[in-house]
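Computed from a predicted structure; not experimentally measured. Residue numbers count from 1 along this sequence.
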Amino acid sequence: MSKKALQCSKMFDSVNGTVVRDVVIFIEGDRITSVEPAATAKLDGCEVIDLTGKFVTPGLIDCHMHIGMNGAGSSLGTKPYTSLGDATMEGLTNVYSDLMAGFTSVRTCGDMGYSDVAIRNAINRGDFAGPRMMVAGSNLSSTGGHSDTHYNPYLHEVEVHSGVAGDGPTEMVKLVRTNIKHGVDFIKFMATGGVMSLGTTVGAQQMSYEEMKAICDTAKMYGMITATHAHGTSGIKDAIRAGVTSVEHGMLMDEEGIQLMKEHGTTLVPTIIAAERIIVKGKEAGTPDWAIAKAKQVYDRAHWGFTRCMEEGIPIAFGTDSGTPYNFHGKQAYEFELMVGWGMTPLQALTAATKTASELLRKQDEVGSIEADKYADVVAFDGDPTEDIKVMTNCTFVMKGGEVYKA
């Protein structure tokens with residue numbers, strides 16, 4: 001079993017939210033064995049990798065992405081012509097781009113035909129290079145909800161979309177169990193309308209409390225976490241009351257919702273980049289005017305909620321919704337700049353993409369920090385993000401499980 005020693009002049013300690021200087025990370029196989037001061041570290045018998053002059057962090061974690069898309073202006077126009085094979089090949093390319101950008105762990109939040117399950121399994125077997133993946137399979141939606149389709153009723157919809165629709169608690173329980181049967185790691189459901197769904201009001205609640213409770217209770221029974229797409233205030237609050245683990249987007253939340261998150265220990269995954277890219281680049285990318293208008297509607301409110309969640313100590317985990325219009329895989333580190341622009345310090349933003357993200361995924365014993373017995377997932381950047389957060393868009397070293405993928 002090979003031994004490696006990574007020499008670091010600056011290393012982000014995500015446990016304490018600080019930068020430590022002049023240390024050596026020792027690795028054996030796929031695990032970290034120790035982190036020691038450089039002045040006393042013994043390098044004999046190790047393959048030495050010199051990362052001095054770089055800023056070293058734990059492997060980054062993106063808690064919200066869609067791997068079957070990569071920034072097209074509107075998937076509504078392309079989905080009917082996309083086969084499951086196309087989506088799978090696209091997904092393999094996209095997750096490799098994510099890995100090269102420093103994201104050694106990702107959570108996919110709904111993709112076509114369980115392609116995410118197949119890609120996760122292929123990466124775990126070693127067939128392809130990619131990040132550690134936690135996958136949702138099909139999003140759960142109400143009929144006509146955000147993850148249902150609004151195509152011609154004569155078009156068979158199941159094979160061209162990332163969601164499945166049901167109504168009532170009994171149907172929701174069956175949809176959860178069907179996803180679990182097909183190998184998912186967590187359950188994602190749509191509590192409210194969305195930006196990219198034609199015909200839905202972005203803030204409108206689309207599932208009843210009873211439906212959401214059935215989803216959360218069933219997932220919990222199987223030992224799984226849950227995530228909800230939720231923009232609107234009432235949908236956010238009912239999802240929290242129902243026991244959801246994380247609120248994705250949460251852009252129209254109110255004060256009562258924030259206090260409920262605090263009471264229930266709910267995590268926010270804000271995905272600022274998704275709405276921002278649609279507003280700034282949507283017209284250029286060919287995004288429909290109605291979607292751009294809805295993105296502006298939620299974005300104008302989201303800054304307030306993000307700030308209040310920070311003030312109340314709500315856990316905020318890094319997620320980008322990569323795959324949405326002009327939101328490209330491998331380019332999603334722009335989210336760091338947006339988070340800092342909305343009031344986070346650079347170290348808080350790094351914590352959101354490492355320690356807090358690993359805790360949301362319930363993987364804190366394996367990833368999210370550079371410590372003994374964790375996976376040797378280590379990435380590095382040219383420059384210091386505490387001085388210029390834009391540095392995070394230029395990852396120059398990637399190690400996952402002790403194997404170097406980029407140097």
Side-chain angles (χ1 to χ4, degrees), residues 4-27 30-36 38 49-63 97-107 131-132 315-320 330-340 344-361 363-407:
K4 296 183 176 70
L6 309 185
Q7 296 177 310
C8 310
S9 49
K10 292 181 181 179
M11 186 197 82
F12 175 57
D13 174 3
S14 62
V15 175
N16 298 302
T18 60
V19 178
V20 296
R21 295 179 179 271
D22 300 321
V23 295
V24 177
I25 306 167
F26 287 98
I27 294 162
D30 64 355
R31 300 280 178 166
I32 298 166
T33 57
S34 64
V35 181
E36 302 177 16
I49 299 175
D50 186 5
L51 298 179
T52 57
K54 296 182 182 291
F55 191 93
V56 177
T57 78
L60 303 177
I61 303 170
D62 189 336
C63 293
S97 297
D98 298 324
L99 179 65
M100 292 300 99
F103 293 91
T104 56
S105 297
V106 302
R107 186 177 67 158
R132 306 181 192 283
I316 299 176
F318 187 97
T320 64
K331 304 291 185 183
Q332 68 264 49
Y334 176 52
E335 177 80 0
F336 285 107
E337 183 179 343
L338 295 174
M339 294 175 92
V340 169
M344 275 191 168
T345 68
L347 293 181
Q348 286 174 326
L350 289 175
T351 300
T354 52
K355 180 177 180 287
T356 308
S358 71
E359 291 169 346
L360 169 59
L361 273 51
K363 301 291 185 183
Q364 64 267 35
D365 292 336
E366 299 178 343
V367 297
S369 59
I370 298 175
E371 297 180 278
D373 300 324
K374 300 284 183 74
Y375 279 119
D377 293 357
V378 181
V379 298
F381 303 83
D382 289 342
D384 188 336
T386 65
E387 299 171 359
D388 182 3
I389 194 62
K390 294 178 183 178
V391 163
M392 297 304 295
T393 62
N394 184 27
C395 180
T396 55
F397 176 85
V398 177
M399 171 184 280
K400 176 196 159 198
E403 181 176 348
V404 176
Y405 287 88
K406 184 178 186 179

K.L.:
Show the nearest heavy-atom pair for residues Ser358 and Ile61, with the distance to one decimal.
P.N.:
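Taking every non-hydrogen atom into account, N-CD1, 3.7 Å.
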K.L.:
Between Val23 and Val56, does a side chain to side chain contact (heavy atoms under 4.5 Å, CB included) hold up when you go through it step by step?
P.N.:
CA-CA 11 Å; Val23 295; Val56 177; over 6 Å; no
K.L.:
Between atom CD of Gln332 and atom OG of Ser97, what is the distance when rounded to the nearest 0.5 Å?
P.N.:
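Atom-to-atom, Gln332:CD and Ser97:OG are 9.0 Å apart.
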K.L.:
Would you check if Arg132 and Asp377 make a side-chain contact, meaning some heavy-atom pair closer than 4.5 Å?
P.N.:
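Arg132 reaches Asp377 side chain to side chain.
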K.L.:
Only counting residues at least two apart or in another chain, list the ones meeting salt bridge (Lys or Arg N to Asp or Glu O under 4.0 Å) with Lys400.
P.N.:
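Per chain and number, Lys400 pairs via salt bridge (Lys or Arg N to Asp or Glu O under 4.0 Å) with no residue.
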K.L.:
Looking at side-chain heavy atoms only, is the closest gap between Thr354 and Leu60 below 4.5 Å?
P.N.:
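They are in side-chain contact.
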K.L.:
Write out all pairs satisfying salt bridge (Lys or Arg N to Asp or Glu O under 4.0 Å) with one or both partners inside residues 382-392, taking only residues at least two apart or from two chains.
P.N.:
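Those involving residues 382-392 are Lys10-Asp384, Lys54-Asp382.
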K.L.:
With Glu36, which residues qualify under salt bridge (Lys or Arg N to Asp or Glu O under 4.0 Å), at least two apart?
P.N.:
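Glu36 satisfies salt bridge (Lys or Arg N to Asp or Glu O under 4.0 Å) with no other residue.
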K.L.:
Which atoms form the tightest heavy-atom contact between Pro385 and Phe55, and what is the distance?
P.N.:
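Residues Pro385 and Phe55, closest heavy atoms: CD-CG, 3.4 Å.
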K.L.:
Say whether, by atom type as modelled, one donor and one acceptor occur between the side chain of Ser9 and the main chain of Gly53 under 3.5 angstrom.
P.N.:
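A pair under 3.5 Å: yes.
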K.L.:
Could you state the interatomic distance from CD1 (Ile27) to OG1 (Thr33), rounded to the nearest 0.5 Å?
P.N.:
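Taking CD1 in Ile27 and OG1 in Thr33, the distance rounds to 7.5 Å.
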K.L.:
For Lys331, does the NZ atom have more than 12 heavy-atom neighbours from other residues, nucleotides or ligands under 6.0 Å away?
P.N.:
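No, not enclosed.
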K.L.:
So which heavy atom on Cys395 is nearest to which on Ala101, and how close?
P.N.:
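The answer is CB-O, 3.5 Å.
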K.L.:
Does the side chain of Leu360 come within less than 4.5 Å of Pro315's, by heavy atoms?
P.N.:
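They are not in contact (no side-chain heavy atoms under 4.5 Å apart), so the answer is no.
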K.L.:
Give me the one residue out of Leu350, Thr18, Ile370 that meets side-chain contact (heavy atoms from CB on, under 4.5 Å) with Phe12.
P.N.:
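Testing each of Leu350, Thr18, Ile370 against Phe12, the sole residue satisfying side-chain contact (heavy atoms from CB on, under 4.5 Å) is Leu350.
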K.L.:
Would you mind reporting whether Cys63 and Leu361 have side-chain heavy atoms less than 4.5 Å apart?
P.N.:
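A side-chain contact under 4.5 Å exists here.
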K.L.:
Identify the two heavy atoms, one from Thr345 and one from Gln348, that lie closest to each other, and give their separation to 0.1 Å.
P.N.:
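That would be N-OE1, 2.9 Å.
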K.L.:
How long is the gap from CD on Gln364 to OG1 on Thr356, to the nearest 0.5 Å?
P.N.:
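Reported value, rounded in 0.5 Å steps: 10.5 Å.
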K.L.:
What residues, two or more places apart in sequence or in another chain, satisfy ring-ring contact (aromatic ring centres under 6.0 Å, His included) together with Phe336?
P.N.:
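Per chain and number, Phe336 pairs via ring-ring contact (aromatic ring centres under 6.0 Å, His included) with Phe318.
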K.L.:
Measure the spacing between CE of Met392 and OG1 of Thr57 and express it to the nearest 0.5 Å.
P.N.:
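Answer rounded to 0.5 Å: 5.0 Å.
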K.L.:
Out of curiosity, Thr351 OG1 to Ile316 CD1, how far, rounded to the nearest 0.5 Å?
P.N.:
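These two atoms lie 11.5 Å from each other.
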K.L.:
Evaluate the criterion side chain to side chain contact (heavy atoms under 4.5 Å, CB included) for residue pair Leu99 and Thr104; output intermediate values, then yes/no.
P.N.:
CA-CA 5 Å; Leu99 179 65; Thr104 56; 4.1 Å; yes
K.L.:
By side-chain contact (heavy atoms from CB on, under 4.5 Å), which residues pair with Glu403, not counting sequence neighbours?
P.N.:
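Tyr405.
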K.L.:
Any side-chain heavy atom of Tyr375 within less than 4.5 Å of one from Arg31?
P.N.:
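Side chain of Tyr375 against side chain of Arg31, heavy atoms only: contact under 4.5 Å found.
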K.L.:
If I take atom OG1 from residue Thr396 and atom CZ from residue Phe381, how far apart are they, to the nearest 0.5 angstrom?
P.N.:
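The CZ atom of Phe381 is 8.0 Å from OG1 of Thr396, to the nearest 0.5 Å.
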K.L.:
Do you know the tightest heavy-atom contact between Pro58 and Ser14?
P.N.:
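Here Pro58 and Ser14 meet closest at CG-OG, 3.9 Å.
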K.L.:
Assess whether side chain to side chain contact (heavy atoms under 4.5 Å, CB included) is satisfied between Met11 and Leu51, documenting all intermediate values.
P.N.:
CA-CA 10 Å; Met11 186 197 82; Leu51 298 179; over 6 Å; no
K.L.:
Would you check if Lys355 and Ser369 make a side-chain contact, meaning some heavy-atom pair closer than 4.5 Å?
P.N.:
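Heavy-atom side-chain distance check fails, nothing below 4.5 Å.
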K.L.:
May I have the step-by-step check of side chain to side chain contact (heavy atoms under 4.5 Å, CB included) for Met339 and Ile389, ending in yes or no?
P.N.:
CA-CA 10 Å; Met339 294 175 92; Ile389 194 62; over 6 Å; no
K.L.:
Sequence neighbours left out, what passes salt bridge (Lys or Arg N to Asp or Glu O under 4.0 Å) with Lys4? Give chain and number order.
P.N.:
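For Lys4 there are no salt bridge (Lys or Arg N to Asp or Glu O under 4.0 Å) partners, ignoring immediate neighbours.
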